[in-house]
Protein chains: 2
Amino acid sequence: MDEVEIFKALSNKTRIQILTWLKDPVKHFPAHKTNCENNGVCVGLIQQKAGLTQSTISEYLSILQRAGLVTATRLGQWTYYKRNEIAFEKLSHLIASEL
Amino acid sequence: MDEVEIFKALSNKTRIQILTWLKDPVKHFPAHKTNCENNGVCVGLIQQKAGLTQSTISEYLSILQRAGLVTATRLGQWTYYKRNEIAFEKLSHLIASEL
DNA sequence: TAGGAATATCGGGAATTATCGATATATATT
DNA sequence: AATATATATCGATAATTCCCGATATTCCTA
């Protein structure tokens with residue numbers, strides 16, 4: 001749990017937006033309900049919604065992953081990203097008690 | 001409450017360190033117990049402890065202040081900085097529930 | 001009112017981040 | 001094997017951040 005790395009990852013409007021989309025993927029990516037429920041959301045869907053280039057979004061997702069805020073699962077050609085809720089709980093607790 | 005501004009302010013090891021010092025100023029600045037308890041901690045004390053230049057620490061404190069994480073009180077020649085605990089509670093809650 | 005002390009602001013060079021287009025890699029399909 | 005699709009990585013430029021020294025501002029005191 002590298003706090004500074006986490007806060008850097010959160011220091012960007014688009015990355016925060018992505019995290020809120022991933023909080024309720026069925027709502028934000030309704031056309032892909034099944035995958036969203038099971039595996040997470042693939043890079044391409046996030047990219048379309050964010051409106052930035054593929055390379056930028058891929059990079060952003062790996063920043064979030066390195067910070068531990070999301071997890072990635074490769075299935076075939078797709079990489080599915082999901083929130084790591086435990087990391088958010090820990091962060092919330094850290095701010096409330098130790099920071 | 002500008003989340004991105006807050007996370008940027010927290011994206012620096014020295015600034016986080018300062019915030020933890022301000023969490024218990026009597027412990028971290030024992031030679032200045034009275035002022036610490038009443039008003040907060042002045043820039044010079046923080047600067048000595050951090051080991052960076054005066055201008056850098058002054059800048060860092062104003063970054064923390066603009067983010068709402070600390071408050072400043074000018075008394076004579078000194079500016080005393082204190083944590084704004086309410087901001088931390090709000091941030092913790094934001095991460096736990098909305099982010 | 002002149003000088004000293006504490007803090008704030010300014011200007012800058014080095015390091016890091018944002019974002020892109022191009023390319024590489026991995027997987028699926030024919 | 002050849003091609004198509006999804007994602008990752010590379011290289012580059014612009015913007016931002018880090019941190020400094022120098023200077024300005026504010027306030028106190030002789």
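To find a chain, count down the sequence lines: A is the first, B the second, and so on, and within it residues start at 1.
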Rounded to the nearest 0.5 Å, how far does CD1 of A:Ile18 lie from CD1 of A:Ile46?
6.0 Å
Write down the distance between CG (A:Leu10) and C1' (C:dT17), rounded to a whole number of angstrom.
15 Å
Hydrophobic clustering (ILVMFWY, side-chain heavy atoms < 4.5 Å, transitive) - are A:Ile86 and A:Leu10 grouped together?
no
Closest to the side chain of A:Tyr81, out of D:dC18, D:dA8, D:dT7, is D:dA8
Taking only N and O in the side chain of A:Asn12, is any of them less than 4.0 Å away from OP1 or OP2 of C:dA18?
yes
Mind checking whether B:Trp21 and B:His28 have parallel, tilted or perpendicular rings, split at 30° and 60°?
tilted
Value for CG (A:Leu99) from CZ (B:Arg83), rounded to nearest 0.5 Å, stands at 6.0 Å
Does B:Gln77 get its side chain close enough to the base of C:dA5, under 3.5 Å, for a donor-acceptor pair?
yes
Where each residue is assigned the nucleotide of DNA chain C containing its nearest heavy atom, which of B:Val43 and A:Arg15 is assigned the position nearer the 5′ end?
B:Val43
How many Å lie between OH on B:Tyr80 and P on C:dT7, as a whole number?
8 Å
Mind checking B:Ser58 for me? I need base, sugar-phosphate or nothing, with any heavy atom below 4.0 Å counting as a touch.
base
Length of the line joining A:Gln65:CD and D:dT9:P, which is rounded to integer Å
10 Å
What is the distance from CH2 of B:Trp78 to C1' of D:dT25, rounded to the nearest Å?
16 Å
What's the CD-P distance between A:Gln47 and C:dC20, to the nearest Å?
9 Å
Can you say whether a donor on the side chain of A:Gln54 sits under 3.5 Å from an acceptor on the base of D:dA8, or the other way round?
yes
Side chain of A:Thr53 only, please: which of C:dT17, D:dC27, C:dC20 is the nearest?
C:dC20
What is the nucleic acid contact for B:Ser11, judged by heavy atoms within less than 4.0 Å: base, sugar-phosphate only, or nothing?
sugar-phosphate
Given atom CD of A:Glu59 and atom P of D:dG11, what is their separation to the nearest angstrom?
14 Å
Could you give the distance from CH2 (A:Trp78) to OG1 (A:Thr73), rounded to the nearest 0.5 Å?
14.5 Å
Rounded to whole angstrom units, what separation is found between the OH atom of B:Tyr60 and the C1' atom of D:dC20?
11 Å
May I ask you to evaluate whether A:Arg74 reaches the phosphate of D:dA6, defined as a side-chain N or O under 4.0 Å from OP1 or OP2?
no
Heavy atoms under 4.0 Å, any strand shown: does B:Ser55 hit a base, just sugar-phosphate, or nothing?
base
For atom CZ of A:Phe7 and atom C1' of C:dT16, their distance in whole Å:
19 Å
